[in-house]
> 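Let me give you the structure first, and then I'll get to my questions.
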Amino acid sequence: MPELPEVEVVRAGLEPAVTGALIASVDVRDERALTRHTGGAAHFEAALTGQRISAAVRRGKFLWMPFSDDEAIVTHLGMSGQMLLRVPGAPEERHERIRIELEHPVHGPLSVVFADQRTFGSLAVDQLVDTPDGAAAGRGSNLARVPTQVAHIARDPLDPAFDVGRFRARLARTASGIKRVLLDQTVASGIGNIYADESLWAARIHPETSASALPTRAVNRLLGEVRAVLDKALAEGGTSFDAQYVNVNGQAGYFAHSLNAYGRTGQPCPRCARPIVRVSFMNRSSHFCPHCQRLR
DNA sequence: CCAATCGCCTGCTGGC
DNA sequence: TGCCAGCAGGCGATTG
């Protein structure tokens, strides 16, 4: 369930280890980790070997490591992907898919391991293109160049160049339920099921409220809560329910203790003490307080 | 063009 | 005890 805060924790952990590092070798152990890469394992390994990584950048849930002004390793963790930092020769991780050996000019040799239980995540070599607004593509670099696989998604709500006017306009012309719209990465990126539920609970908005029916002040309140929830989760190291989400050193985050709605079916709403309900939605679940979050 | 659904995948849990 | 349905849910592709 890595969403924006979890991916940012991973990016921040990778940054000092990979910036300036030379890619000594690449070992693809499971081709399913390359579903977004065109060219196969041999091509992936050859394209990366001998290159030097210049940064670790993130927009929404996408993470990428540029190795020139034109190319980057794009990473998406999917549901259960992990990027782990290990010493060379470290034992194979459970669900290990790809191992990249680096030679850092200061820290020396280290391994970056991509492990992924459910194989929804992947790595790919992708081309970089200019950002339409000329601003930095994401957090972690000033370069205004974004991978083609990431170019179609919106900036995330924590991005200084996030276009609030565009966000409001998208909501105003979409009749779908607000939760569905929040999960649409082309509206605002980085929000998944957990933080959508938490933001809507904080803003006291029912998840099925039509987006276009939200008054301007409700939209502003919601965006404020989205940012507050993402910031707090990031400060607490992200949300870990099981061993699936961990930082680059394999450690869990603490935000699961701060959840008010998500996963709290039947437990009292922290605001009004009435039980949180769970409803089926888009092959997943919505958790909310039917008293604090009324559909009108 | 837009909205909604489907398929991908593994491991765990709960009911019988 | 074993078996299986259900659940976790991101994304892109496909359908309506």
Side-chain angles (χ1 to χ4, degrees), chain A residues 1-11 29-38 58-64 74-83 93-98 114-124 126 146-154 156 166 169-200 207-213 230 233 238-246 252-253 255-256 259 261-266 277-288:
Chain A
M1 282 146 270
E3 303 179 28
L4 188 155
E6 292 77 34
V7 182
E8 175 57 24
V9 167
V10 171
R11 186 207 67 77
R29 307 189 180 193
D30 190 330
E31 291 235 21
R32 294 179 300 175
L34 294 179
T35 50
R36 292 158 191 271
H37 178 77
T38 47
R58 181 197 54 78
R59 174 188 294 194
K61 304 170 198 172
F62 280 91
L63 173 65
W64 68 92
V74 177
T75 301
H76 197 292
L77 301 179
M79 285 298 302
S80 53
Q82 304 174 339
M83 292 288 271
E93 296 290 330
R94 190 157 157 77
H95 307 302
E96 178 164 336
R97 310 297 183 199
I98 295 174
F114 176 66
D116 186 14
Q117 177 200 106
R118 284 154 74 183
T119 72
F120 280 17
S122 68
L123 268 58
D126 194 18
V146 63
T148 64
Q149 296 183 10
V150 185
H152 70 287
I153 72 168
D156 62 65
R166 185 174 174 278
R170 277 296 293 273
L171 265 55
R173 64 180 162 84
T174 308
S176 299
I178 183 62
K179 179 168 174 184
R180 185 185 290 271
V181 179
L182 278 182
L183 293 174
D184 183 341
Q185 303 297 298
T186 69
V187 174
S189 62
I191 305 165
N193 208 37
I194 297 172
Y195 298 112
D197 280 359
E198 290 301 301
S199 302
L200 290 166
E208 286 162 40
T209 306
S210 168
S212 57
L230 294 176
T239 304
S240 303
F241 294 112
D242 48 30
Q244 289 317 314
Y245 163 67
V246 292
F255 192 72
L259 295 172
Y262 182 87
R264 300 192 67 251
T265 311
V277 301
R278 170 187 171 275
V279 298
S280 197
F281 162 84
M282 288 170 74
N283 277 336
R284 65 198 72 180
S285 298
S286 275
H287 310 79
F288 62 98

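Computed from heavy atoms alone, side chains included, the values below leave out hydrogens, waters and symmetry copies.
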> Mind grabbing the angle between the end helix axes of the helix from B:dC2-C:dG16 to B:dC16-C:dG2? Five pairs an end, 10° rounding.
60°
> At 4.0 Å (heavy atoms only), tell me whether A:T35 reaches a base, stays on the sugar-phosphate, or touches nothing.
nothing
> Using the test ring pair (Phe, Tyr, Trp, His ring centres under 6.0 Å), find all partners of A:F114 that sit at least two apart in sequence or belong to another chain.
none
> Please report the interatomic distance CG(A:D184) to CZ(A:R180), rounded to the nearest 0.5 Å.
10.0 Å
> Using the ring pair (Phe, Tyr, Trp, His ring centres under 6.0 Å) criterion, which residues pair with A:F255? Sequence neighbours excluded.
A:Y195
> Please report the shortest heavy-atom distance between A:E3 and A:G190, naming the atom on each side.
CB-O, 3.6 Å
> Would you say A:S285 reaches C:dA8's phosphate, i.e. side-chain N/O to OP1/OP2 under 4.0 Å?
yes
> Could you go over nucleotides 11-16 of chain C and give all protein N or O partners under 3.5 Å, atom names and distances?
{"from": "C:dC11", "atom 1": "OP1", "to": "A:H76", "atom 2": "NE2", "distance (Å)": "3.3"}

> Without decimals, in angstroms, what is the distance between A:N193 CG and C:dC7 P?
14 Å
> Run A:L4 and A:R58 through side chain to side chain contact (heavy atoms under 4.5 Å, CB included) and show every step you take.
CA-CA 9 Å; A:L4 188 155; A:R58 181 197 54 78; 3.3 Å; yes
> To the nearest 0.5 Å, what is the distance between CG on A:D126 and CD on A:Q149?
4.0 Å
> Heavy atoms under 4.0 Å is the rule here; annotate nucleotides 3-10 of chain B 5' to 3' with B where the base is hit, S where only the sugar-phosphate is, and - elsewhere.
SSB--BBB
> For A:S80 and A:P2, work out which heavy atoms get closest and say how close.
N-CD, 4.5 Å
> Just how far is it from atom CZ of A:R166 to atom OG1 of A:T186, taken to the nearest 0.5 Å?
6.5 Å
> Hey, could you give me the CG/CG distance between A:L259 and A:D197, rounded to the nearest 0.5 Å?
9.5 Å
> Using side chain to side chain donor-acceptor pair (under 3.5 Å) as the criterion, list what pairs up with A:S210, not counting sequence neighbours.
A:S212
> In whole angstrom, what separates A:Q82's CD from B:dG11's P?
13 Å
